[in-house]
Amino acid sequence: MKLKINDTLKREKTEFVPKNPERVTMYVCGPTVYNYAHIGNARPVVVFDVLFRLLRALYGEQHVVYARNITDVDDKINQKAIAEGVDIDIITSKFADIYNADMKALGALEPTLQPRVTQNMNAIVAQIAALVRNGHAYAAEGHVLFDVESYKAYGSLSNRSLDDMIAGARVEVAPYKKNPQDFVLWKPSKPGEPRWPSPWGEGRPGWHIECSAMIEANLGLPIDIHGGGHDLVFPHHENEIAQGVCAQHGHSHNEETYARYWMHNGFLTMDSEKMSKSIGNVQLVHELIKHFPGEVLRVALLSAHYRAPLDWTQDLLTQTHKRLDGLYGALRRAADVEQVEAGVPDAVLEALCDDLSTPRALAELSVLANALETAEAADKPRLKAQLLAAGALLGVLQGDADAWFKAGADDDLTAKVEALLVARKEARAAKNWAEADRIRDELNALNVEVMDGPTGATWKVKTGA
RNA sequence: GGCCUGAUGGCGGAGCGGUUACGCAGCGGAUUGCAAAUCCGUGUAGCCCGGUUCGACUCCGGGUCAGGCCUCCA
């Protein structure tokens, strides 16, 4: 099946053809590790995790290399380290670990590679040196700056001309810049800040060079897919292209020599408002996973197309939770159905191959669940296997179905419920409906819902409204 | 000012030039001791104005509204 993706650079939906199907490469901009990740940070992680899974399904697990960097050199990290009186690696290793644990809770696979800036300093310096050598960068007052005038395709990703940028510029222009839009590749460290040696003096890299250098060093150019949040189109990705292209010897001003496809996810709003610290509506993944199964958060993030804006609301989470209840319910009722092998149904594959239409893929999951519920016994093994295979591609439905419904119950409650169900079973056998209903009321009071079936009663912790 | 999205039924959210998206909620029915769960059925949606067409939610033009980026930012 052919994968089509909407390429930000080409501004159209095009067929994805990897440079080398034996080694498909993808890079997604990862976190700067100085704080907890919020739910907005998680959207690209989950979206590109689905793409990672899809690429593995299409090209084979061994043929996809996915890198998601960790930025562990940054002003905010420095500030935090100074404030706490510790080395930056105390801060960065702590929050990198938390980040990885949080993303794992959202069902994201580990990327193949997780390059860190501090471990790629040689590559960064080398790329800057190449840019200077190729006449695309210049040193000035301890800084090294990229000369945007030297790269004629500059602005092609964000579709803006140098003149537009100058007109819209709101930042004070440093006097050593030849052009206001020239951006920093290397800058001197302030006293007390971490520093690394370079031909231009001790200092540290600018933000944009980190990614392009790590991509070149860890994946090799050009990569197939570069992803990230929509806000990174300009200036971050625009600058990455300029660096990545111009650092190559004898380059041809061709953007595709850096990354062949660009994908950007839309933003999350919180109850229709932009997430911001000043509004106080920032929701951290670390907190959310205490209140909701990670899978609910994951499916909620995938409920809208990745390029569309997504409004994050309580109602979205409630609806998503109930939707997953329905899917897991079908699997729970099929618990005794024989395990067989089956591939991902075409409808699901087609949806995902159509620019990663997760809403459609999720809809197909519901169709499959319904088919499983209503199928003849002979068809159930295949349908169950297909539902699970489709779920695996999306990174959902892989948990134990019975456990899904009892996740909110501790051992104490479970024992209590089981005891009450035994008593209720006896009452029902004796046709003592009053007692049976009384027990059910008691269970309801414990926030437990009973479901009678032909083979006895099952139960679940009620899904909060 | 420049660049870029989006506007679908009570809510979320797709595809499609003429035929059921899907989910949540609601309603009717089956089932149930009664429920729940499940199943079956059920909604004269498509921002506005033009145009193309035998026919437009779907294509084209214009408008309105909303949001994002242009500064660290997923």
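Values reported hereafter were calculated over all heavy atoms of this structure, with side chains retained and with hydrogens, waters and symmetry mates removed. Chain identifiers are assigned alphabetically (A, B, ...) following the order of the sequence lines, protein sequences preceding nucleic acid strands; residue numbering begins at 1 within each chain.
- Counting any heavy atom pair closer than 4.0 Å across all strands shown, H305(A) reaches sugar-phosphate atoms only and no base atom.
- The pair E435(A)-R438(A) meets the salt-bridge criterion, with a side-chain N (NZ, NE, NH1 or NH2) lying under 4.0 Å from an Asp/Glu carboxylate O.
- Atom CG of residue L284(A) and atom NZ of residue K290(A) lie 9.0 Å apart, to the nearest 0.5 angstrom.
- D7(A) places no side-chain N or O within donor-acceptor distance of the main-chain N or O of Y261(A), the cut-off being under 3.5 Å.
- In terms of modelled atom types and a separation under 3.5 Å, the side chain of Y176(A) and the main chain of L145(A) share no donor-acceptor contact.
- Regarding R360(A), its CZ atom lies at a distance of 21 Å from the P atom of rG12(B), rounded to whole Å.
- Comparing rG67(B) with rG61(B), their P atoms sit 25 Å apart, to the nearest whole Å.
- Residue-level contact check: R440(A) touches the bases, meaning some heavy atom is under 4.0 Å from a base atom.
- Using cut-offs of 30° and 60° for the angle between ring planes, the Y154(A) and F183(A) rings count as parallel.
- Residues C29(A) and H237(A) share a closest heavy-atom pair of SG-CE1, 3.3 Å.
- Within the nucleic acid shown, G329(A) has no heavy atom closer than 4.0 Å to any nucleic acid atom.
- Atom P of rG46(B) sits at a distance of 14 Å from the matching atom of rA7(B), rounded to the whole Å.
- Heavy atoms of L268(A) sit under 4.0 angstrom from at least one base atom.
- For the C1' atoms, the distance linking rA45(B) with rA21(B) amounts to 13 Å, nearest Å.
- Rounded to a whole angstrom, the distance from the P atom of rG23(B) to that of rA14(B) is 15 Å.
- For the OP1/OP2 pair of rA37(B) and a distance below 4.0 Å, the side-chain nitrogens and oxygens of K462(A) include no atom meeting the criterion.
- Seen from the ring of F48(A), R68(A) does not count as a face-on cation partner, given the 6.0 Å and 45° thresholds.
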Dot-bracket for RNA chain B, please. Rules: Watson-Crick or G-U, both distances under 3.5 Å, ( ) within the strand, [ ] when a pair crosses earlier ones, | for another strand, . otherwise. (((((((..(((.....[...))).(((((.......)))))....(((((..]....))))))))))))....

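- In this structure, CD in E449(A) is found 10.0 Å from CZ in R440(A), a value given to the nearest 0.5 Å.
- Residue-level contact check: R428(A) touches the bases, meaning some heavy atom is under 4.0 Å from a base atom.
- Of the N and O atoms on the side chains of D271(A) and T313(A), not one donor lies less than 3.5 Å from an acceptor on the other residue.
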Starting at the 5' end of nucleotides 23-30 of chain B, put B wherever the base has a protein heavy atom under 4.0 Å, S where only the sugar-phosphate does, and a dash everywhere else. BBS-----

